[in-house]
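In what follows, residues are counted from 1 in the order of the sequence shown. Since we're looking at a predicted model, the values are computed, not measured.
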Amino acid sequence: MSTTQGLTLALSKGRIFEETLPLLRAAGIEVLEDPETSRKLILPTNRDGVRIVMVRASDVPTYVQYGGADLGVAGRDVLHEQALAEGGSHGLYQPLDLKIARCRMSVATRADFDYAAAVKQGSRIRVATKYTEIARQHFADKGVHVDLIKLYGSMELAPLTGLAEAIVDLVSTGGTLRANKLVEVEQIMDISSRLVVNQAALKLKRDTLRPLIDAFAAAIA
Ligand code: ATP
Ligand code: MG
């Protein structure tokens with residue numbers, strides 16, 4: 001664990017950080033610096049011994065699993081993708097769906113690509129995504145033949161450049177898809193962020209963790 005005293009919470013920049021702030025506030029915790037303007041990777045809070053570490057969204061489960069953080073907030077997209085890749089769950093305790101950073105994982109194509117016809121004909125479809133494990137499972141379940149192309153960002157660009165016919169990506173308002181003349185052709189799963197807790201911390205820091213988890217739960221309800 002991070003320290004014998006105190007609590008370390010792993011968060012990522014953007015929606016997850018912004019939407020976790022009200023939950024922290026409900027638990028009496030104020031973050032004292034803004035990660036968008038601060039260069040610090042460890043942010044202090046108003047509570048002695050409670051600190052925030054800012055990590056990549058996909059690194060949150062790793063920090064919590066190995067005790068670099070006692071708890072963290074991670075998207076279902078990241079948790080599910082990594083669980084499939086590792087052939088099981090991380091041994092992370094996931095006590096709460098925080099219902100924040102909500103979106104869905106979808107298949108999208110160019111508006112002029114006839115996805116339904118390609119599926120019906122049994123054509124091989126090239127699919128670009130960061131979520132290769134979730135995509136592999138989804139298309140296998142549907143019996144759709146795909147060649148998966150792993151990307152690390154800007155998936156929308158793939159169908160526009162001819163790199164792929166389809167993408168699997170997160171969609172919330174659909175604004176980014178529309179701006180790039182892409183259409184959502186299939187929804188794979190609903191996404192929200194979950195609280196993840198280190199198993200050892202849960203036992204050893206129960207007296208600090210339990211009230212925090214309870215305060216989050218009350219704030220969501
Ligand atoms: P990095 O910036 O470190 O490369 P990233 O760009 O892969 O990370 P983000 O796009 O910042 O990750 O998303 C982080 C998390 O926020 C995702 O894992 C997901 O759970 C959530 N998220 C991403 N996009 C949306 C969205 N459009 N609406 C709501 N939540 C989202
Ligand atoms: Mg990002």
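- Side-chain N or O atoms of Lys205 include one that pairs as donor or acceptor with a backbone N or O of Gly6 at under 3.5 Å.
- Residues Ile191 and Leu23 do not share a hydrophobic cluster, defined by chaining ILVMFWY side chains whose heavy atoms lie under 4.5 Å apart.
- If you check the side chains of Arg102 and Ser192, you find no donor sitting under 3.5 Å from an acceptor.
- Residue Ser58 comes nearest to Val78 through the heavy atom pair CA-CG1, 3.9 Å, listed as atom of the first residue, atom of the second, then distance.
- Once rounded to the nearest 0.5 Å, the distance linking CG of Leu96 with CG of Asp214 reads 8.5 Å.
- Between Lys181 and Arg110, every side-chain heavy-atom pair lies at or beyond the 4.5 Å cut-off.
- Heavy atoms from other residues, nucleotides or ligands lying under 6.0 Å from OH of Tyr131 number more than 12.
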- request: Start with the C-alpha gap between Val183 and Leu177, add the side-chain angles, then the distance that decides, and say whether side-chain contact (heavy atoms from CB on, under 4.5 Å) holds.
  value: CA-CA 6 Å; Val183 290; Leu177 291 182; over 6 Å; no
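- Leu71 pairs with exactly one of Val196, Leu11, Leu92, Leu212 by the side chain to side chain contact (heavy atoms under 4.5 Å, CB included) rule, that one being Leu212.
- The structure places CG of Leu7 at 7.5 Å from CD1 of Ile29, a figure rounded to the nearest 0.5 Å.
- In this structure, Leu41 CG and Met54 CE are separated by 9.0 Å, a value rounded to the nearest 0.5 Å.
- Considering every non-hydrogen atom in both Ser193 and Ala101, the closest pair reads OG-CB, 3.7 Å.
- The main-chain N or O of Asp190 is found under 3.5 Å from a side-chain atom of Arg76 such that the two form a donor-acceptor pair.
- Atom CD1 of Ile188 sits about 7.0 Å away from atom OG of Ser106, to the nearest 0.5 Å.
- At distances below 3.5 Å, at least one donor-acceptor pair connects side-chain atoms of Arg104 with backbone N or O atoms of Ser172.
- Side-chain N or O atoms of Asp147 include none that pairs as donor or acceptor with a backbone N or O of Arg126 at under 3.5 Å.
- Counting non-hydrogen atoms of neighbouring residues, nucleotides and ligands closer than 6.0 angstrom, the CG atom of Asp48 reaches no more than 12 such neighbours.
- Met189 and Leu84 fall within a single hydrophobic cluster, where Ile, Leu, Val, Met, Phe, Trp and Tyr are joined by side-chain heavy atoms under 4.5 Å apart, directly or via other members.
- Looking at every heavy atom in both residues, Thr109 comes nearest to Val185 through OG1-CG1, 3.7 Å.
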- prompt: Does the side-chain contact (heavy atoms from CB on, under 4.5 Å) test come out yes or no for Met105 and His80, once each step is laid out?
  reply: CA-CA 11 Å; Met105 194 174 298; His80 195 53; over 6 Å; no
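- Contact annotation: the side chain of Thr8 never approaches that of Tyr63 to less than 4.5 Å [non-hydrogen atoms, C-beta and beyond].
- Between Thr129 and Val146, every side-chain heavy-atom pair lies at or beyond the 4.5 Å cut-off.
- A donor-acceptor pair is defined here as one N or O able to donate and one able to accept, closer than 3.5 Å; no such pair exists between the side chain of Gln82 and the backbone of Thr62.
- The one candidate from Thr45, Val73, Ile52 that meets the side chain to side chain contact (heavy atoms under 4.5 Å, CB included) condition with Leu24 is Ile52.
- When all heavy atoms are compared, the tightest approach of Ala118 to Ile125 is CB-CD1, 4.0 Å.
- The environment of Lys150 atom NZ is dense: over 12 non-hydrogen atoms of other residues, nucleotides or ligands sit within 6.0 angstrom.
- A single hydrophobic cluster is not seen to contain both Leu32 and Leu9; linkage of ILVMFWY side chains at heavy-atom distances under 4.5 Å, directly or through other members, places them apart.
- In this structure, Arg210 places its CZ atom where more than 12 heavy-atom neighbours from other residues, nucleotides or ligands lie under 6.0 Å away.
- Side-chain N or O atoms of Glu81 include one that pairs as donor or acceptor with a backbone N or O of Ile134 at under 3.5 Å.
- With rounding to the nearest 0.5 Å, the separation of CG in Leu195 from CG in Asp97 is 10.5 Å.
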field: Intermediate values then yes/no, side-chain contact (heavy atoms from CB on, under 4.5 Å), Phe17 and Leu43
entry: CA-CA 12 Å; Phe17 181 82; Leu43 307 178; 4.2 Å; yes
task: List the steps, then state whether salt bridge (charged side-chain N to carboxylate O under 4.0 Å, His left out) holds for Glu133 with Arg136.
output: CA-CA 5 Å; Glu133 297 302 323; Arg136 192 188 322 284; 3.3 Å; yes
query: side-chain contact (heavy atoms from CB on, under 4.5 Å) between Leu182 and Val171: does it pass, once the steps are laid out?
result: CA-CA 11 Å; Leu182 300 177; Val171 180; over 6 Å; no
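- Nearest heavy atoms, Val107 versus Ala166: CG1-CB, 4.2 Å.
- Although no hydrogens or angles enter the test, the distance criterion places a donor-acceptor pair under 3.5 Å between the side chain of Asn46 and the main chain of Gly28.
- When atom types are taken as modelled, the side chain of Thr161 and the backbone of Ala158 share a donor-acceptor pair closer than 3.5 angstrom.
- Follow the hydrophobic side-chain contacts under 4.5 Å out from Leu160 and you reach Leu151 in the same cluster.
- Atom CE of residue Met155 and atom OG1 of residue Thr176 lie 11.0 Å apart, to the nearest 0.5 angstrom.
- Proximity of Val53 to Ile42: side-chain heavy atoms (C-beta onward) are separated by under 4.5 Å at one or more points.
- Considering all non-hydrogen atoms of both residues, Glu186 and Lys142 come closest at OE2-NZ, 2.8 Å.
- Side-chain contact between Thr20 and Ile100: present, with at least one pair of heavy atoms (C-beta onward) separated by less than 4.5 Å.
- No single ILVMFWY cluster, assembled from side-chain heavy atoms under 4.5 Å apart, contains both Val60 and Leu170.
- At most 12 heavy atoms of other shown residues, nucleotides or ligands fall within 6.0 angstrom of atom CZ in Arg206.
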